[in-house]
Amino acid sequence: MEFFSTTKTLGILGGGQLGKMLLYTTRKWDIKTKVLDPSESAPARLACDEFVMGSLTDFQTVYEFGKGLDVLTIEIEKVNVEALEKLEKEGVKVYPQPHVLKTIQNKCLQKKFYRNHNIPTASFDEFENLDQVKEGIIKGELSFPFVWKSAEMGYDGYGVSIIYSNKEIEGLNDGPCLIEELVPFEKELSVIVCRRPSGETVHYPVVESEFHPTANQVEYVLCPARLSEQATNKAIEIALQTAEAYGQIGLLAVELFLTHEGEVFINEVAPRPHNSGHFSIEASYTCQFEQHIRAVLDLPLGKTESKASAVMVNLVGKEGHTGPVVYKNIDQILAIEGVTPHIYGKKETRPFRKMGHITIIHHKIDTARKMAKQVKETLSVISK
Ligand code: ADP
């Protein structure tokens, strides 16, 4: 299927920063694109050929958007899967496939998928509502601490809570949920895998994520992760097993926990470009966005090795600042060798809103990590 400088069109559901970064590749290769996003000021708007404003979760909107496209992909997994199923039946190539999205959209289905495929994951139980959870505690079937996860509404840590006592249950949203064993992990790891329709598969190096202590949000991603060879191999093995089990086409970001005993468990996956792969824009021979485009258009996959070590710093809105955004001291960080900022183009900042990221590359990962701290302390995202 020839897309280069033709009228064949690639559709993308979602026009946020991930969509915008996917479009760097379609621009580079002169591939025609059409983007759907509910926001008038979606970051991807300026780089696509056609922009449609509309809901990603409404059947009719997604169906009308997708009709007549050659290939359709996503940058966010909360989209109307029924519309994608219909489009797939009518001949549109939909990657990731609707059946993959269906499993991933529901945390209970996703966890059961791992259990059924013998992919190591923290033990869990499913509940219909919070009353059932409370009953489980009274009967002694559940004991504190544990992790509560809403079956359907999670994103970036919302819909996930560590529960230490009855008191915290009161603040949770009611509805179907899963209760998971709390894993006292040593590190959170991620491996990005990419598969093509033929089954050709590549993976990026294992990365480690460091979280902000209070915001429950990734602050730094380090590539490569500082790990034993054994843990590295286990992480890669699980990630490849998972991508194959799903039959995923395109990127699959596999999030993992490494325990103090050296065990590796899968936490969850994202079937799209992922924050833990942003380092690849500067550090890898083929960045994750180009890799995803290659895979969904069924083109040969690119080399995933790194040219240098890298640390990615998420640039989020400073606490206490809401309104038109200012990137304070960005000129100072640009003066540091190996530092590249990415600004997503969101006009308004809010506390902890993802506004951009910065990649720091260096041949030594420990030096890159020290530089990342300096960058983080220098640059701040504030309102006017
Ligand atoms: P989301 O879909 O909102 O990103 P995750 O399932 O990734 O939700 O959980 C968010 C964070 O909560 C994880 O990155 C991890 O830090 C923590 N977490 C999730 N599950 C567990 C667990 N079983 N044990 C310990 N921490 C967990």
Side-chain angles (χ1 to χ4, degrees), residues 14 16-18 74-79 96 100-115 119-127 133 136 142-164 168 171-173 175-192 206-222 225 235 238-239 242 246 251-278 312 314 316 352-354:
Q17 64 263 21
L18 300 174
I74 56 149
E75 62 114 47
I76 181 166
E77 49 271 40
K78 278 211 188 122
V79 294
V100 176
L101 284 168
K102 215 172 203 170
T103 306
I104 288 169
Q105 280 180 347
N106 183 299
K107 282 184 194 268
C108 293
L109 288 180
Q110 192 180 153
K111 286 286 284 190
K112 281 194 282 193
F113 181 87
Y114 303 135
R115 188 155 64 191
I119 300 170
T121 194
S123 61
F124 67 98
D125 280 305
E126 268 184 277
F127 294 86
V133 174
L142 283 177
S143 53
F144 301 116
F146 55 72
V147 183
W148 164 88
K149 296 187 179 184
S150 169
E152 282 188 337
M153 44 157 285
Y155 201 72
D156 271 350
Y158 303 109
V160 174
S161 258
I162 299 179
I163 306 297
Y164 294 96
E168 284 141 319
L172 301 175
N173 280 309
C177 59
L178 67 90
I179 299 295
E180 205 174 279
E181 159 203 11
L182 178 71
V183 181
F185 55 81
E186 186 190 325
K187 279 181 196 279
E188 291 201 54
L189 308 174
S190 165
V191 182
I192 294 186
V206 183
V207 302
E208 62 178 280
S209 302
E210 290 182 30
F211 277 69
H212 185 279
T214 55
N216 197 18
Q217 206 179 37
V218 175
E219 200 168 18
Y220 301 102
V221 173
L222 285 75
I238 293 174
T242 306
Y246 278 116
L251 293 173
L252 188 76
V254 182
E255 296 180 23
L256 305 149
F257 297 131
L258 170 69
T259 70
H260 295 277
E261 292 73 38
E263 281 179 296
V264 179
F265 293 123
I266 190 164
N267 175 30
E268 61 169 5
V269 301
R272 53 166 170 80
H274 193 250
N275 191 255
S276 67
H278 289 352
M312 191 275 315
N314 272 326
V316 299
F352 298 111
R353 185 176 194 199
K354 278 188 192 160

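Every number for a ligand or one of its atoms is a count from 1 in the order of the listing.
K111 and E180 are joined by a salt bridge, as a carboxylate oxygen and a charged side-chain nitrogen come within less than 4.0 angstrom of each other.
A donor-acceptor pair under 3.5 Å links the side-chain atoms of E168 to the main chain of Y164, judged by distance alone. When atom types are taken as modelled, the side chain of E77 and the backbone of I104 share no donor-acceptor pair closer than 3.5 angstrom. At least one donor-acceptor pair closer than 3.5 Å links the side chain of T259 to the backbone N or O of E261.
With no hydrogens or angles considered, no side-chain donor-acceptor pair links E188 and S209 at under 3.5 Å.
Of all atoms in ligand 1, listed by their number and element, those nearer than 4.0 Å to a heavy atom of F211 are 14 (O). Close approach of ligand 1 to K149 is summarised as follows: ligand atoms under 4.0 Å from at least one heavy atom of the residue are 6 (O), 19 (C), 20 (N). Under a 4.0 Å criterion applied to the non-hydrogen atoms of E180, ligand 1 contributes the atoms 20 (N), 21 (C), 22 (C), 23 (N). Each of the following atoms of ligand 1 lies closer than 4.0 Å to a heavy atom of E268: 1 (P), 2 (O), 4 (O), 5 (P), 6 (O), 7 (O), 8 (O). Atoms of ligand 1 lying under 4.0 Å from any heavy atom of L182, numbered from 1 in the order shown and given with element: 24 (N), 25 (C). Close approach of ligand 1 to V183 is summarised as follows: ligand atoms under 4.0 Å from at least one heavy atom of the residue are 22 (C), 23 (N), 24 (N), 25 (C). Close approach of ligand 1 to V147 is summarised as follows: ligand atoms under 4.0 Å from at least one heavy atom of the residue are 21 (C), 22 (C), 23 (N), 24 (N). Heavy-atom contacts of E181 reach the following atoms of ligand 1: 22 (C), 23 (N), 24 (N) (cutoff under 4.0 Å).
With a 4.0 Å cut-off on non-hydrogen atoms, N267 touches ligand 1 through its side chain and not its backbone. Residue-level proximity to ligand 1 for V160 is carried by the side chain, the only part with a heavy atom below 4.0 angstrom.
Of the candidates E188, Q217, E255, the one placing a heavy atom closest to atom 16 (O) of ligand 1 is E188.
A parallel orientation is assigned to the rings of F113 and Y246, their planes being inclined by less than 30° (bins at 30° and 60°).
Ligand 1 has at least one atom lying under 4.0 Å from a heavy atom of F257.
At a threshold of 4.5 Å between non-hydrogen side-chain atoms, the residues I179 and W148 count as touching.
Where the criterion is an N or O separation shorter than 3.5 Å, residue side chain and backbone included, A122 fails it with respect to ligand 1.
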Evaluate ring pair (Phe, Tyr, Trp, His ring centres under 6.0 Å) for F265 paired with F185, printing each intermediate quantity in order.
CA-CA 10 Å; F265 293 123; F185 55 81; over 10 Å; no

Quick one, T121 with I119, criterion side chain to side chain contact (heavy atoms under 4.5 Å, CB included). Give me CA distance, side-chain angles, the key distance, then yes/no.
CA-CA 6 Å; T121 194; I119 300 170; 6.0 Å; no

